[in-house]
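Remember, it's 1-based here, ligands and their atoms both numbered in the order they're listed.
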Amino acid sequence: MWRSRGSGEGGEGEGGGLKMDSSEKASATSSPRGRPPRGRPPKLQRTARNGVGKGAEKTPHMAALILARGGSKGIPLKNIKHLAGVPLIGWVLRAAQDAGVFQSIWVSTDHDEIEKVAKQCGAQVHRRSSEVSKDSSTSLDAITEFLSYHNEVDIIGNIQATSPCLHPADLQKVAEMIREDGYDSVFSVVRRHQFRWSEIQKGVSEVTEPLNLNPAKRPRRQDWDGELYENGSFYFAKRHLIEMGYLQGGKMAYYEMRAEHSVDIDVDIDWPIAEQRVLRYGYFGKEKLKEIKLLVCNIDGCLTNGHIYVSGNQEEIISYDVRDSIGINLLKKSDIEVRLISERSCSKQTLSSLKLDLRMEIGISNKLAVVDEWRKEMGLCWKEVAYLGNEVSDEECLKKAGMSGVPADACSVAQKAAGYICKSSGGRGAIREFAEHIFLLMEKVNSCQK
Ligand SMILES: CC(=O)N[C@H]1[C@H]([C@H](O)[C@H](O)CO)O[C@](OP(=O)(O)OC[C@H]2O[C@@H](n3ccc(N)nc3=O)[C@H](O)[C@@H]2O)(C(=O)O)C[C@@H]1O
């Protein structure tokens with residue numbers, strides 16, 4: 001959903017890339033389905049690895065594993081539903097990729113669409129069996145199955161997509177705790193200041209009791225350290241523990257996450273709150289965002305819905321959404337110049353009758369060259385350019401721009417190259433929505449600069 005980046009100008013923007021060696025690439029999907037039926041998964045065996053056994057010098061293989069079954073109950077296909085323009089699994093995948101501590105990064109799923117999105121986000125996919133994809137299946141069941149097909153893995157970092165505010169630094173610290181401090185398992189917690197009370201059970205106890213406070217001396221927040229709660233963001237464990245049926249055990253430690261990064265999507269009403277949280281505190285990639293000064297927008301399929309009506313006297317008739325013209329005006333008021341570009345030789349006369357008063361170039365076969373020229377003319381770097389496109393011809397600009405978006409109905413090449421996928425379609429409010437996204441991220445940039 002975002003691009004792998006190299007160094008230099010082409011590597012600017014919100015995302016990061018996963019480095020895989022060729023053997024890992026060759027097995028981009030692992031699948032119990034692809035194997036001959038032989039009942040239960042093979043019995044797990046402890047091999048001479050991970051510092052155990054003779055001459056084992058190899059760095060232990062730490063795999064990130066995101067469990068993403070298709071049958072989520074409360075929110076349908078929750079694991080790939082777009083949260084702030086990015087599929088839910090995409091947030092934690094981006095953090096895992098940029099952490100640079102994993103030898104491999106996997107999504108375990110039983111669903112075709114989730115497999116597709118996971119691969120677009122740069123993950124390898126384990127097609128899990130239906131036995132570990134039921135409502136009653138636990139995470140441990142799915143992790144155990146994954147390990148039984150991946151003998152090369154020594155340590156599992158089970159990252160839950162339902163905690164999308166994860167940052168690479170959190171994962172780097174946990175990897176260090178396991179690799180250097182010798183912990184067998186580490187899981188995330190958050191500090192909460194919550195007073196707990198015993199439950200009233202009819203017939204047993206008619207009164208409640210304080211569990212962690214003295215009502216006569218109620219502490220103020222600043223006078224009380226609070227308590228640590230498992231927050232469900234991640235669970236790291238060495239293979240032997242999982243083989244024994246534990247995700248937490250052995251030499252065990254917790255990792256305390258910052259409260260603002262601790263988000264747990266459990267029920268549907270958590271979704272809008274999580275969306276606001278990621279926009280403010282989420283991880284947007286290695287490269288720092290810069291203030292946007294120019295937005296370039298493709299015409300057919302972004303400004304318009306792509307339909308053209310031709311009148312008897314060969315005049316083109318197009319439609320656009322008033323919300324988009326409001327979005328354009330808001331951008332202009334915020335000193336963001338908006339320009340239009342088109343591969344097709346649209347009718348300039350028709351476009352100028354929209355009275356948007358925007359500079360535009362039409363009939364452009366190499367959009368990248370034109371936008372590059374525009375940004376140089378304005379003295380901008382690519383990070384200061386936002387691009388909204390929907391077609392294959394927009395791919396390069398989407399990859400280069402500091403902020404990139406596509407309407408909901410953009411082609412898959414463009415979707416893959418963009419950092420933000422609008423809920424609105426082209427010609428139906430996508431520009432307005434993308435403008436809103438730009439404003440939110442600019443707030444983030446400005447608050448970081450203060
Ligand atoms: C490691 C673990 O035990 N995780 C469980 C967590 C954990 O205890 C809490 O988050 C702690 O705060 O709780 C559950 O959490 P939940 O059901 O939301 O699952 C978390 C993520 O894992 C995926 N998952 C879970 C189980 C499974 N067999 N396959 C999966 O793909 C879900 O799709 C989702 O993306 C729960 O609420 O019931 C179930 C999870 O199994």
Side-chain angles (χ1 to χ4, degrees), residues 30-32 41 63-83 86-93 95-96 105-115 117-118 121 123-149 155-166 170 174 184-192 194 227-238 241-242 244-249 252 254-257 259 261-271 273-274 278:
S30 69
S31 167
L65 179 63
I66 290 99
L67 303 177
R69 66 191 187 101
S72 44
K73 265 199 168 160
I75 307 169
L77 277 185
K78 166 182 75 183
N79 287 311
I80 51 168
K81 186 178 151 111
H82 284 185
L83 181 82
V86 175
L88 188 63
I89 52 169
W91 287 99
V92 291
L93 281 171
I105 299 179
W106 295 85
V107 168
S108 157
T109 189
D110 57 333
H111 196 278
D112 291 345
E113 192 54 29
I114 298 180
E115 171 170 1
V117 173
C121 292
Q124 298 183 80
V125 171
H126 171 74
R127 280 304 292 234
R128 68 163 98 153
S129 66
S130 53
E131 282 135 72
V132 296
S133 310
K134 298 180 200 141
D135 284 343
S136 56
S137 311
T138 66
S139 292
L140 188 64
D141 295 335
I143 296 168
T144 307
E145 185 200 82
F146 171 83
L147 271 183
S148 72
Y149 288 91
I155 305 158
I156 284 284
N158 169 219
I159 304 173
Q160 297 202 146
T162 40
S163 296
C165 256
L166 182 66
D170 297 319
V174 177
D184 294 314
S185 61
V186 183
F187 55 92
S188 57
V189 297
V190 70
R191 190 172 295 278
R192 287 197 191 128
Q194 278 175 354
E227 292 178 331
L228 296 176
Y229 287 79
E230 193 178 305
N231 72 349
S233 182
F234 54 74
Y235 302 83
F236 279 60
K238 288 186 179 163
L241 265 182
I242 297 167
M244 293 189 299
Y246 296 99
L247 257 185
Q248 294 151 312
M252 213 176 353
Y254 59 76
Y255 173 84
E256 188 178 337
M257 269 174 87
H261 290 175
S262 182
V263 177
D264 183 21
I265 302 174
D266 197 12
V267 289
D268 52 359
I269 50 164
D270 295 335
W271 195 269
I273 299 163
V278 285

- Message: One thing to verify: whether Glu115 and Arg127 come together as a salt bridge, which I'm taking to mean a side-chain N less than 4.0 angstrom from a carboxylate O.
- Response: yes

- Item | Test log, rule side chain to side chain donor-acceptor pair (under 3.5 Å), inputs Tyr254 and Glu230 | CA-CA 9 Å; Tyr254 59 76; Glu230 193 178 305; over 6 Å; no

- Query: Got a sec, which residues hit ring-ring contact (aromatic ring centres under 6.0 Å, His included) with Phe234, two or more places apart in sequence or on another chain?
  - Reply: Phe236, Tyr255

- Query: With no hydrogens and no angle check, do the side chains of Glu131 and Ser137 hold a donor and an acceptor under 3.5 Å apart?
  - Reply: no

- Task: Taking only heavy atoms of the protein into account, state which residues are under 4.0 angstrom from an atom of ligand 1, in chain and number order.
- Result: Leu67, Ala68, Arg69, Lys78, Asn79, Arg128, Val132, Ser137, Thr138, Ser139, Asn158, Gln160, Thr162, Glu230, Asn231, Gly232, Tyr235, Leu247, Asp266

- Considering only NZ, NE, NH1 and NH2 on the basic side and carboxylate oxygens on the acidic side, decide whether Arg69 and Asp135 come within less than 4.0 Å. yes

- Is it true that atom CZ of Phe187 has more than 12 heavy atoms of other residues, nucleotides or ligands lying nearer than 6.0 Å? yes

